Amino acid sequence: MDNPKQVVKSQNVTYFELNNELNRPVDGKIPLHKDKEAVRAFFLEHVNPDTVFFYTLDEKLDYLMDNDFIEREFIEKYDRNFVKYLLQKTYEKKFRFKSFMAAFKFYKQYALKTNDNQRYLERFEDRIVFNALYLANGDEKFAEDLAEELITQRYQPATPTFLNAGRKRRGEFVSCFLIQATDDMNSIGRTINSALQLSRIGGGVGVTLSNIRAAGDPIKKIENASSGVVPVMKLLEDSFSYSNQLGQRNGAGAVYLNVFHPDIVSFLSTKKENADEKIRVKTLSLGLIVPDKFYELVKNDDMMYLFSPYDVQRVYHVPFSYVDITKEYDKMVNNPEIKKSKIRARDLENEISKLQQESGYPYIVNIDTANRTNPIDGKIIMSNLCSEILQVQTPSIINDAQEYEVLGTDISCNLGSTNIVNLMKSPDFEKSVEIAVRALTFVTDSSSINAVLPVKHGNESAHTIGLGAMGLHTFFALNQMEYGDEESLEFTDVYFRVLNYYTLKASNKIAKERNKTFVNFEKSKYYTGEYFDKYIQENFVIKSSKVNDLFKNIKVPTSSDWEALKQEVKTYGLYHQNRMAIAPTGSISYVNETSASLHPITRLIEERQEKKTGKTYYPAPYLSNETMPYYKSAYDIDMRKVIDVYAAAQKHIDQGMSLTLFMRSDLPVGLYEWKNNRTSKLTTRDLNILRNYAWRKGIKSIYYVRTFTENNDEIGSNACESCSI
């Protein structure tokens, strides 16, 4: 079948115009019905005429396989009648997009197209079924269960998985990677090669440079020989720009540096608007590793010492990243064998805030907070491109032949998200969570990054996944809760408590079935039982009647349930070293008709500037007279409320969360009490206070700082699609 049938295309396109009418109030009201009309017109005028027509499902499946659109292997793991049954059953669900943006994003970004990109070969239901069949790996019952979770949008795989599952010509399913450079040329060379390889095959790459000796440190006893971390940053930026997946995206990379590294000021300077072109990095994201000691020095207005990583490694016999600076700080200050310099801690803090106002960077990782609550044996030393992945790593040792004398462990991230609004309606919450965990587990098990052996080794040892959530603000609005009020905080606490429990239960079940745990499980706080004690001893009770009612059909675990799980985990183990993380949700949250991640919305009617089609408007999900009062913009909410909501979730999440701070360049009067009788302009002091508040609340990481300026620009907007869900 070389020439599939095509419906004659309509010349009259009205859907953009209808969608644009959302931005023109009628009698002071938003004409939401115009968006419904735009969806209908989009299908009638564009999708239906531009979709390849097949007479039968057999004809469609054969065409897709014979012409190298869909892999034959995964389809042939099933009886053909079952494949057709699952497609038909999914069509019968009569899925309908609720907004124009949702439909537009799916068909433009996710749907399989003909080779000339002019016609569609998939409906939304087809993408759902191909995901289910691929991730179920021949298991008919699981494929059917997973298709149900996906079409009801209770579970959403990350973009790399959702986009690529089943395709013949595809990228990897993993979302992003974390790698480390140690302080020698072999490791730096290998890191740059790894960045090239990982950027080519998958999502964004995070690299920690904290171990690399500072500018002026000796090389082979020659003083002032090292050029420090900035030239390595430039090499990495060029590598990411070159290896950009055939031009499909800009090179996406993030570099992390410890605030006690002597190159910290020059590191931050690379992102300044007025930076010299020789040192300026344009596309690289910057992140800081911040130990507790920094906050203490800032509080006391002390000078802070910066320590030579070269000397620290000589004294402690481990790379700089693996030294507990908070614990060892005074000893390092008093050790004459460690070269050091000093700056005023508050001066550095202000530099961080200035740069966050100017660019949205750097990300912040509160590394001691992350390690204090880490149940896994080992040390977390960095994060990823979106700051939510926090897993232990071990360093590699590479010889002059570029061979691994010691193969360390680095990280690949396999992400997915629960849709809170829809999962709360699940007829079986526990089953829904288990299906999501098993779908993610297939991605982990089938990932093998041979080009970067520490990543492969880390994945094979840890089997990590990152199940997250989106739609929290939408859920609050639908249930008439103010973002950040007591009821919303309690709901967040309970939701992630329950999600944590059932992901643990699913991981334990998989370990029992396979008789296999992650490596070093016996050294974890899961094995000793310490992890479970806080839940067992708490005697948790839901206080709010509204929250209690919301969970009336969901089994919230009791102390005795946690005790029973503790014993099961002790006996059979856990398959996954890490299970949960809150990634940012990009375009896929539009497709899911829900608010992004755990953040508040930014506008009632969001305006998107699409590259080829101009402005597109997206009303807040389920926007109505009832929900509108509860849909306050993030830019008009006290960020301490956002931090409180994230802190309520973080207690139950073993990894991190992509927490963005939303600020106005001219802050609303009365929002922050410390601004009273002061300027309303955003200052470094405001960001200093909020970062300290987040640290005190137990927040492990802060992603972007987004500033909405007086001329309606957004500084620090998240442009990364590579590792967002």
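On a predicted model such as this, the values are computed, not experimentally measured, just so you know.
Environment of CD in Gln480: crowded, with over 12 heavy atoms of neighbouring residues, nucleotides or ligands closer than 6.0 Å. When the shell of 6.0 Å around NZ of Lys675 is examined, it contains more than 12 heavy atoms from other residues, nucleotides or ligands. Counting non-hydrogen atoms of neighbouring residues, nucleotides and ligands closer than 6.0 angstrom, the NZ atom of Lys282 reaches no more than 12 such neighbours. The environment of Arg678 atom CZ is sparse: at most 12 non-hydrogen atoms of other residues, nucleotides or ligands sit within 6.0 angstrom.
Asp35 contributes a side-chain N or O that, together with a main-chain N or O of Phe100, makes up a donor-acceptor pair within less than 3.5 Å.
Using a 4.5 Å cut-off on side-chain heavy atoms (C-beta onward), Leu467 and Ser417 make no contact. Here the side chains of Leu306 and His261 are not in contact, with every heavy-atom distance at 4.5 Å or above. Taking the side chain as every heavy atom from C-beta outward, Asn500 and Ile653 never approach each other to under 4.5 Å. Looking at heavy atoms from C-beta onward, Tyr256 lies out of side-chain contact with Leu209 at the 4.5 angstrom threshold. Side-chain contact between Met304 and Phe294: present, with at least one pair of heavy atoms (C-beta onward) separated by less than 4.5 Å.
Between Phe16 and Phe104, the distance separating the two ring centers is shorter than 6.0 angstrom. Annotation: His599 is in aromatic contact with Phe662 [ring centroid separation under 6.0 Å]. In summary, the aromatic rings of Tyr618 and Tyr590 are positioned with their centroids under 6.0 Å apart. Side-chain rings of Tyr361 and Tyr704 approach one another, their centers coming within less than 6.0 Å.
Within the model, atoms CD of Glu482 and CD1 of Ile637 stand 8.5 Å from one another, a figure rounded to the nearest 0.5 Å. Summarising the geometry, atom CD1 belonging to Ile588 is positioned 9.5 Å from atom OG1 belonging to Thr585; distances are rounded to the nearest 0.5 Å. Rounding to the nearest 0.5 Å gives a distance of 9.5 Å between CG of Leu178 and CG of Leu385. Here the straight-line distance linking atom CG of Leu659 with atom NZ of Lys700 works out to 13.0 Å at 0.5 Å rounding.
Test Tyr631, Phe708, Tyr617 against Arg603 for side-chain contact (heavy atoms from CB on, under 4.5 Å) and you get one pass: Phe708.
A donor atom on one side chain and an acceptor atom on the other are found under 3.5 Å apart for Asn592 and Gln156. Looking only at atom types and distance, the side chain of Glu593 has no donor-acceptor partner in the side chain of Gln153 under 3.5 Å away. Between the side chains of Asn366 and Tyr295, at least one donor N or O lies within less than 3.5 Å of an accepting N or O.
With sequence neighbours left out, the side-chain hydrogen bond (donor to acceptor under 3.5 Å, both in side chains) criterion links Arg640 to Asp638, Glu673. Listed by chain and residue number, Thr444 satisfy the side-chain hydrogen bond (donor to acceptor under 3.5 Å, both in side chains) test with Asn414 (two or more places apart in sequence, or in another chain). Residues forming a side chain to side chain contact (heavy atoms under 4.5 Å, CB included) with Glu296 (at least two apart in sequence, or on another chain): Lys293, Asn300.
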